[in-house]
Each structure stands twice: as C-alpha cells, then as structure tokens.
**Student:** 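Before I ask anything, here is the structure I am working with.
Residue numbers run from 1 in the order of the sequence given. Counting starts at 1 for both ligands and their atoms, following the listed order.
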Amino acid sequence: MGSTAVLTCTVTLDPAFGIAPVDPRLFGSFVEHMGRCVYGGVFEPGHAEADTDGLRADVLKLVRELGITVARYPGGNFVSGYRWEDGVGPVADRPRRLDLAWRSVETNAFGLNEFMTWAQRAAVEPMMAVNLGTRGIQEACDLLEYANHPGGTYWSDLRRSHGVADPYGIKLWCLGNEMDGPWQVGHKSADAYGALAAETAKAMRQVDPSIKLVACGSSNDRMPTFGAWEATVLDHTFDHVDYISLHAYFEKHEDDRASFLASGLAMDRFIDGVVATADHVAAKKRSRKKLQLSFDEWNIWYESRFAGYTNLEWAEAPRLIEDEYTVEDAVVVGSLLMSLLRHADRVGVACLAQLVNIIAPIRAESDRPAWRQTIFHPFALTARYARGTVLRAEPRTPSYDTARHGDVPVADVVATHDPETGQLTVLALNRSETEPVNLTAQLRALPGLRVVEHVVLGGDSAELLHTNNAEDPDRVQPRTSTEHTLTDGELTAALPPVSWTMLRLAPTA
Ligand code: AHR
C-alpha cells in the first residue's frame, strides 16, 4: 500500500439490489463440554451469582446482551464419545466418565435437561449434535425421541419422569462433528460417514419430520480431503439433509498482521468452495435444491499455542484454550461477520465458537463477575443491528499484497436494510496499518435517513494489542465517532487504520 496516497472506498447501496434476508440463526454460538465452558462457565453451583439450578446469572446476562440466537451443544469433539443418557435423571446416579476428546473427567452433573433450562433462560434456540463417532442410528433416534416425542413411549416417558412434561421440539440437529478429522473419536472415511449420516437422517426424520439436519463438512479448508469430502458426503446425504457444515479458526501467524486482517477473504473463499461443491452435487442429481451452509464453528483461535490433545492430564474442567483477545482480534471478528452476512443467501446458520471461557466472547472466574472480551463487541453490535436484508455491495477500493492471501482490498463494506424499520446498517473495515480510508456511500435510493450511531473498534496503533481481562474488564470498548457527513444522499466517513466501523442510519421522521 502506498503510504502517501489518500485511500478511498466508494460503494452504492440500493434496497432494490439485495442478496438475501439475514437469517437470525447467523448469530449463534457454541457450548461444548470442554474445559470451563460448561463447568465454571455457564454452570457453577456455589458461585455467588448462581441461581438455584447452578446457572450463573452474570453469564446469562452477558449472553443475552451478546444477542446470540442459537447455541450448539454438547460438542464439538466431545460429542463423538458421549453417551447422552449419562446426563439425564437423578444427578447422584450419573456416572463419571473419561472424555477421550479432551482427556477430561466428565461428571455429567450437567446434561440435556440442564442445557435446555439454560437455553430457555438465555432465550436461545438449541442446536443438538448426535454422536456418530462411537454410536449410531439407534442412539440418535433415542435422543430425539427423549427430546421431542410427546409421551407414551420408553424414552419420552423417561423424560416425563425426569420432570419435563412437554417435548422440547428441538429443530436443529448436527449429524456428528468433524468426522473427517483423524483426531475425532470414531473418525470415518467420507463414504462410511456419508452412508451412516444418510441412514441416521432418514431414521431421525421418521421420529420427527419437522427437524432440520446438518451433515458434517470439512473441519477446515486446509484438510487434505477438503472438497472431495463434501462431494462424497453429499452424494450420500444431499436429499436427506438441510445443511452442510463448515468450521474455521483464524489466527495471526508470526506477526503477519496484513494477512491476519484479510482472514475474511479466506472465509469468503471457503464458503464459495463449499457452495460450488454443493451445487455440483445438485447438478449431478438434477436437483434444484440450493443446499444451505451451517458455519457452526468459527472464531479466532491461537491454535499454534495449544499444546495438543494428547499432552493433557486427566482432570475435571481443566483450563483449556482460554485465549485472551486483543483489539485487532475484535476487528477481525467484525470482518468475519461481514463475510457471513455477504453470504446470507447460502449460510443459514453460524456459531461463534465457543461461548464462555473456551475461545470465547465471555470470560468467567469463580471469584468475580463475568466480563466481555474484545470480540464480544463487534458480535453484539452486528447481531443487534445487522437485520433485514443484506444489500449487494461492490466496494471500489485499492488493494495490497499479503503473504497468505495475495492481493487484498484495503477496505470492505457490507450493509443491511430493514424494510420494516427503514434502518440501514453499514459495516466497514479498514485493513491499512497506517492510513485512514475515506468511505463514500451513495444512498440516493434510500432518502430521508440520518446517522443515529457511528462506532469504531481499533484505529489506534498503540491500542491494537489491548485486551479486556479480570483486572481491567472494560478496558476495550467501541468508541463513538462523529467523523461522518450525510449530504444529498452521500454518506462519507473516515475509517481509521486497522479498524471496524458500524454506521447506523434511521429514517428522519
Ligand atoms: O471448539 C474447539 C474444537 O474445535 C471443537 O471441539 C472441534 O469441533 C473443533 O476442532
């Protein structure tokens, strides 16, 4: 990038050109039995803020503020060795088990019914995963019968005997987790998994035809089987599932901030690749179905700092991957949400992984109230205000070269327009490490708006590595900016270097 030229980004936003309505399920998250996400996170009997069910009220308050709509449960790698029956019924009778995925001791004090109580209090939709690692069709159907069948059968009556008279009616179900990964307990070939997933899907739909099913795609797009895995799995499952999953974790490698700031492009490419594969299978099958994508694990994870699955000591709720996020991480999380929104026509579910303590927007300790990590802020703002329809945006802006992603546009813009309220939300990213970008958005097709909110994360090079932590939990917060104009249908705003911006406009009258 040149250091003296003024950087610009121009874009035209017109409600006549929309990509798709924003599915509220894009703002999901993930609660896994891993480390301190459940135990010491959402659930901590004895904590000063715990209610009579052991659910932490301070965590619940932040979960509601974060605005998540969906919570995926109970894993993750954990689910591939999980016996769901261990987690229901009288707590005193529940077995302690080895969790092979995380070399942890699982007490089973928290299970399906505790999770559903939590989900109801958090006002989030549950998304359940079934174990297709060590188990199969029967156990998946038993769980679905326990959860969703009204009564008069063994499993539904067992639920009723556990004090839950009404069926939960859980709609979203994942057919296993990351079954392409050799680390997965019960890892399978694409053919073996595809065949099992198709038969499980058919049987589960016999139990409850109203459910939506997610087949496992690749664990990330660096997997050697990426592309081929999706094609084979969908050859088996295409007619029986509603979604194919994607997982991706990003991190800054060797201080290469330029590439890190372009993580959204990698997410775009990953999504485009899976869409292409799903549409290839549709073409082969002469099907008009546009299969939806479930990006049910995404975030920043400094995986290179993780000692690895096999180097862990057996322990109850050990401290695992409690990454502390910086301002620049928050800027990247904001940009990843922009990538998801840009694909609103195909991505129908997305889950920020995870929710509490484990690579999470919310942190919790036993001796103090829970707090917001830096990445909490772009998520909460996007979840609250990026509603309505995503507008087609073609930003024109210079590009720069990166080691990992080649040529990358210096700025990015995504906008949503809510026809009900008339509100326009503009999300913008400046990837330049040194220069501001002058954003100009033509809004002539959206007359009568005024800027009601302009907030920025980042923009000060001295603060990019600041974090929120137990000692200083509110150090990083979005700051309000007045550096914008709106005249004759033209919105201008200054985007500071390395920043994520949200401009919210509402009708004047
Ligand atoms: O979120 C942490 C782990 O990352 C999940 O258990 C697994 O699905 C993924 O590899």
**Student:** Classify the side-chain pair Asp296/Ser294 by whether it contains a donor and acceptor separated by less than 3.5 Å.
**Tutor:** yes
**Student:** Applying a 4.0 Å heavy-atom criterion (strictly less than), which segment of Tyr249 is in contact with ligand 1: side chain, backbone, both, or neither?
**Tutor:** side chain
**Student:** Strictly below 4.0 Å, N to O, side chains only: are Asp86 and Arg97 in salt-bridge contact?
**Tutor:** yes
**Student:** His33 and ring pair (Phe, Tyr, Trp, His ring centres under 6.0 Å): which single residue from Tyr73, Trp102, Trp84 fits?
**Tutor:** Tyr73
**Student:** Name the closest protein heavy atom to atom 8 (O) of ligand 1, giving the residue it belongs to and the distance to 0.1 Å.
**Tutor:**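 The answer is Glu297 OE2, 2.7 Å.
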**Student:** What protein heavy atom is closest to atom 2 (C) of ligand 1, reported as residue, atom name and distance in Å?
**Tutor:** Gln354 NE2, 3.4 Å
**Student:** Please give me the minimum heavy-atom distance between Phe250 and Ala266, naming the atom from each residue.
**Tutor:**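 Between these two residues, the closest heavy atoms are CE2-CB, 3.9 Å.
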**Student:** How many angstroms lie between CG in Leu100 and CH2 in Trp314, if you round to the nearest 0.5 Å?
**Tutor:** 5.5 Å
**Student:** In terms of atom number and element, which parts of ligand 1 are under 4.0 angstrom from non-hydrogen atoms of Glu178?
**Tutor:**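 That gives atoms 7 (C), 8 (O), 9 (C), 10 (O) of ligand 1.
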**Student:** With heavy atoms of Phe30 as the reference, note each atom of ligand 1 found under 4.0 Å away.
**Tutor:** 1 (O)
**Student:** Check whether any N or O atom of Trp183, backbone or side chain, sits under 3.5 Å from an N or O atom of ligand 1, and answer yes or no.
**Tutor:** no
**Student:** Is Lys289 positioned over the aromatic face of Phe238, cation under 6.0 angstrom from the ring centre and no more than 45 degrees off axis?
**Tutor:** yes
**Student:** Any idea which part of Ile358 is under 4.0 Å from ligand 1, heavy-atom wise: side chain, backbone, both or neither?
**Tutor:**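 No part of Ile358 comes within reach of ligand 1.
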**Student:** Is ligand 1 under 4.0 Å from a heavy atom in the side chain of Trp102, in the backbone, in both, or in neither?
**Tutor:**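 Under 4.0 Å from ligand 1, Trp102 contributes side-chain atoms alone.
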**Student:** Would you mind listing which atoms of ligand 1 come within a distance below 4.0 Å of any non-hydrogen atom of Glu32?
**Tutor:** 5 (C), 6 (O)
**Student:** May I ask you to check if ligand 1 and His247 share an N or O to N or O distance below 3.5 Å?
**Tutor:** no
**Student:** With a 4.0 Å cut-off, would you call Glu324 and Arg475 a salt bridge?
**Tutor:** no
